[in-house]
Amino acid sequence: MDKLVLIDGNSIAFRAFYALPLLTNSAGTYTNAVYGFTMMLMKVLEEERPTHMLVAFDAGKTTFRHKDYQEYKGKREKTPDELSEQIPLIKEVLDAFGIHHFELEGYEADDIIGTLAREADQKGIPVTIVSGDKDLLQLVTDGVQVLLTRKGVTETEKYDVQGVKDRYGLEPKQVIDLKGLMGDTSDNIPGIPGVGEKTALKLLHQFGTVENVLDHLADLPGKKLKERVAEHQEQARVSKELATIYCEVPMEISIQDISYTPFDPERVAPLFKRLEFKTLLEKVQADGPEAPEELEAIRYHIVTAEDQDEWEPLLKQDCLALFVELTEENYHKAEVIGMALSDGKEYLYIPLETAMQWESLQKWLADERQEKIVYDVKRTRVALKRRGLEFKGYVFDLLLASYLTNPSESGHELADIVERKLDGSLPADEKVYGKGAKRRQLEGEELAEHLARKTSAMIRLYPVLEEELKEAELDELFYDLELPVADVLARMEWHGVKVDRERLKALGEELQQQLDELTDKIYDLAGTEFNINSPKQLGEILFDKLGLPVLKKTKTGYSTSADVLERLAPQHEIVEQILHYRQVGKLISTYVEGLLKEIYPETGKIHTRFNQTITATGRLSSTDPNLQNIPIRLEEGRRIRQVFVPSEKGWYILAADYSQIELRVLAHLSKDENLMAAFRKDMDIHTKTAMDVFGVSEDEVTPLMRRQAKAVNFGIVYGISDYGLSQNLNIPRKEAAAFIERYFESYPGVKRYMDETVQQAKKQGYVTTMLNRRRYLPDINSRNFNRRSFAERTAMNTPIQGTAADIIKKAMVRMDEVLREEGLKARMLLQVHDELIFEAPEEELATLSRLVQQVMEEPVELSVPLKVDVNTGETWYEAK
DNA sequence: GACATCACG
DNA sequence: ACGTACGTGATGTCT
């Protein structure tokens, strides 16, 4: 079955260029447009499987259109050099793929595409056209469809005849009439002044074509419109002509000349290498013949009870790399398989069996003076502790170090770090062990060899990362904060949190009964049974069957998110029931069932893992289970907290949380007089903001005003935008913009600080927190509005969120010390971004409250006071 | 595995 | 005109 794909070369290159940051390869060649173009190309090849293919480019500056209308494309800015340099490279890529490309003096890519599409259509060959330009929609027929880029380059939307009708209510041919009326600024086609898309569509729905509109001047609605159209009749006709794609280009090539056969990876790979398209290279090579990776041989030794004594001298050496291998990711459940040890010359693998009876090794592990380099201390410590082994003397953690050098980076597996900082000589665990169902545990020689590679990589990474930390002035943060925090977290995780299993079960049953009742009610109101959990089925019920208005769409269909449903609630009783169903359903699946699964039967405790190397801002995250998102906002969910109880009889839960830490940090960073004064007087900050923004006195602030002011404060912390605020408050954007303006008038120091932070980010490429934590913002100078705006908001938010994270981490380290110095039995259990949760015997509560407050309020010296509220109770729920 | 949704700070 | 609030993790659908 034949299939023709036609690509609008210039249009796709243009889209790719603006969608991606200005990448270069190490030779300094710009490659972003080439990269985006190639990604799109490969996707189209895979999805469309063409038998014939052509990429058309525009040629020269003038086309036949300029004869009739010299201003055609007149105002268009010159293509930037960074882009035009890349066009020849794109053509090279096409050559490597064996794809024909073509351009013709005097004609545009559109015309070439139109001519070939028509030819194919007449021969009954299906055609797909790929472009970023809506004009091409005029070519759509039953046999010709158009793929328009939607967002980025690879995301496209497919248009057939029905698709064009759905989107514009027009036949494809009428697209040129649309342009004739409304014009096109980018091509400098005038259309009729004052007629935009809305008016143009209205006219076309009534009259069909430009000519017919002009024939019925008298029937047009509105005096102004009549005048305008009458005055610009000729201009409309010319505009329509300019927008019309010419489908009879005289060219010597036709369809049989542009056949395409699947490309040869051998031809493509060298070019991808030169351009440094790593992921694409892997992709074409994976499709092609498997090239086994060439790894250098490494000499290792598997230690046994018989020969362990020979290796004792190694344990006396200065600084060794240690890697402990586990059976699974969750180190609270995993078994230790064995450990690898190296000084950079010898590579040892010590099976657990050997380790468990090798006394000098155990002594070495526990000896604080014996320095070790590890990858993930927290994991290592907990895993060894489960085997009853003490672990001390770790002086460097490659995982934490890698994270600090660039917290935005997504992977910090040892292999990822080797890839980034060295030479990629360590195969990823996933490659070696396989993933999913294919995962297997290596044994013996194979395992020993892989682990030897790991310790070898660690030895080589150490000086590189150490130097990098120093270079970026991250060493203090690393040694004095993150490394000690890992230690504190290890203790918290190891100790765990006690959960009242029976109470959780009872709560679950109660909720399940509610859910059943809600389900019946919803089926009844809907008149049918369906899966309420399926947004698709729910959307069909609400919007098709019950005819509720569609306020928002997602890319796959109707949106049924809570903010939409809340607005629909007054229109139909079912909506409120669904909201309630969702709420209860969430509690059951995530919190009741989810938590029950995580309770360790022997102890009745939950042991979460705090991830210290995930967030871009320096915060922690928590998994398996996530104990940082236990419900609190709604009473029904808040009851989940009743099941979190002290682990010993007669003990209590103590919760200490920072009051407005982020806004206090902002006051400090910005030195805004008004904001600092507010906190020094310990005012209610949202009320204060309301007074300033609405220009009223304290007792005139209404609950609504305070609520809106609170949203403004959130907006400020998040890196304000009028649109975001308007969405949040459900108000027009102009009103939101006015709020922001009033805010900045009242807090000029904040405004200045935000501007300076963004400027600084643009200049140096990153922002920092109070303790020098660093986040790079590669998009801060992007010419893509979206990317740049996002980076700017991030630049404003990260120093605030990140400094708050620095502060609580420091408090945790200090608090852990204080607990031991004071000889308290109390334990730190959890951290939830701005609060710390403890458990303690009753007699320690008063002391602990005092100490916690004191410690949390003084980790850093700010220009405003830090404030901490402390609460105690028999459960987490009570400690409010 | 992607997507939508929703829990938290 | 562009189209978003900042930072996370878990769950259920559906392909």
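Convention: sequence-line order gives letters A, B, ...; per-chain numbering from 1. Basis for what follows: all heavy atoms, side chains included, without hydrogens, waters or symmetry-related copies.
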Scanning all shown strands, the Watson-Crick or wobble mate of C:dC2 with both distances under 3.5 Å is none

Rounded to whole Å, the CZ-P distance (A:F644 to B:dA7) equals 16 Å

A:Y718 has its side chain closest, among B:dT5, B:dG9, C:dA10, to B:dG9

message = With the stacking rule set at 5.5 Å and 30°, tell me whether A:F790 counts as stacking on C:dT4.
response = no

Determine yes or no for a side-chain-to-main-chain donor-acceptor pair under 3.5 angstrom, with A:D779 supplying the side chain and A:R788 the backbone. no

(message) Looking at C:dC14, I'd like to know if its phosphate oxygens (OP1 or OP2) sit under 4.0 Å from a side-chain N or O belonging to A:S534.
(response) yes

request  = Assign A:I614 to base, sugar-phosphate, or nothing according to its heavy-atom contacts below 4.0 angstrom with the strands shown.
outcome  = sugar-phosphate

* Is any side-chain nitrogen or oxygen of A:S559 closer than 4.0 Å to OP1 or OP2 of B:dA4? -> no

message = Please determine whether a side-chain nitrogen of the Lys or Arg among A:K378 and A:E493 lies less than 4.0 Å from a carboxylate oxygen of the Asp or Glu.
response = yes

Rounded to whole Å, OH of A:Y558 lies from C1' of B:dC3 at a distance of 18 Å

Practice item. Please check the phosphate of C:dT8 (OP1 and OP2 only) for any side-chain N or O of A:R619 closer than 4.0 Å. Key: no

- Message: Does A:G719 reach a base, just sugar-phosphate, or nothing at all? Heavy atoms under 4.0 Å.
- Response: nothing

Any base atoms under 4.0 Å from A:A791, or only sugar-phosphate, or nothing? Heavy atoms, all strands. nothing

May I ask you to say what A:I630 touches in the nucleic acid, namely base, sugar-phosphate or nothing, with a heavy-atom cut-off under 4.0 Å? sugar-phosphate

A:Q831 CD to C:dT8 P, in whole Å, measures 14 Å

Rounded to whole Å, CZ of A:F785 lies from P of C:dA5 at a distance of 13 Å

Query raised in the report: Can you find a donor-acceptor pair, distance only, under 3.5 Å between A:Q801 side chain and C:dC6 base?
Result: yes

Here the distance between atom C1' of B:dT5 and atom NZ of A:K586, to the nearest Å, is 7 Å

Separation of B:dC6 atom C1' from A:I632 atom CD1, nearest Å, is 16 Å

inquiry  = If we ignore hydrogens and angles and just use 3.5 Å, is the side chain of A:S11 paired with the main-chain N or O of A:S131 as donor and acceptor?
reply    = no

query: Under 4.0 Å between a side-chain N or O of A:R633 and OP1 or OP2 of B:dG9?
result: yes

Base, sugar-phosphate alone, or nothing: which one does A:Q727 contact when heavy atoms must sit under 4.0 Å apart? nothing

Could you check whether any side-chain N or O of A:Y523 sits under 3.5 Å from a backbone N or O of A:F530, counting only pairs where one atom can act as donor and the other as acceptor? yes

> Is A:S622 touching bases, backbone alone, or none of the nucleic acid, heavy atoms closer than 4.0 Å?
Replying inline: sugar-phosphate

(Q) Please confirm whether the shortest side-chain N or O distance from A:S621 to OP1 or OP2 of C:dG9 is below 4.0 Å. (A) yes

Open item on the list: Once you apply a heavy-atom cut-off of 4.0 Å, does A:D834 come out as touching a base, just sugar-phosphate, or nothing?
Closed with: sugar-phosphate

Picking from C:dA5, B:dT5, C:dA10, the nucleotide nearest the side-chain atoms of A:T560 would be B:dT5

For salt bridge (charged side-chain N to carboxylate O under 4.0 Å, His left out), just list the numbers for A:R787 and A:E792, CA-CA rounded to whole Å, side-chain angles, deciding distance to a tenth of an Å, and then say yes or no. CA-CA 9 Å; A:R787 288 168 167 277; A:E792 286 170 359; over 6 Å; no

Please work out if A:E835 contacts a base, only the sugar-phosphate, or nothing of the nucleic acid, heavy-atom cut-off 4.0 Å.
nothing

* Describe the nucleic acid contact of A:D624 in one word from base, sugar-phosphate, nothing, applying a heavy-atom distance below 4.0 Å. => sugar-phosphate

- [ ] Look at A:K751 together with A:D672 and state whether they make a salt bridge at an N to O cut-off of under 4.0 Å.
- [x] no

Notebook entry, point to check: NA contact type, A:N531, heavy-atom cut-off 4.0 Å: base, sugar-phosphate, or nothing?
Noted result: sugar-phosphate

- Steps toward ring pair (Phe, Tyr, Trp, His ring centres under 6.0 Å) verdict (A:F739, A:Y743): CA-CA 6 Å; A:F739 284 174; A:Y743 181 92; over 10 Å; no

Side-chain contact check for A:R582: nearest option of C:dG9, C:dG7, B:dC6 is B:dC6

Discussion item. Counting only side-chain nitrogens and oxygens, does A:T554 get under 4.0 Å of the OP1 or OP2 atom of B:dA4?
Written reply: yes

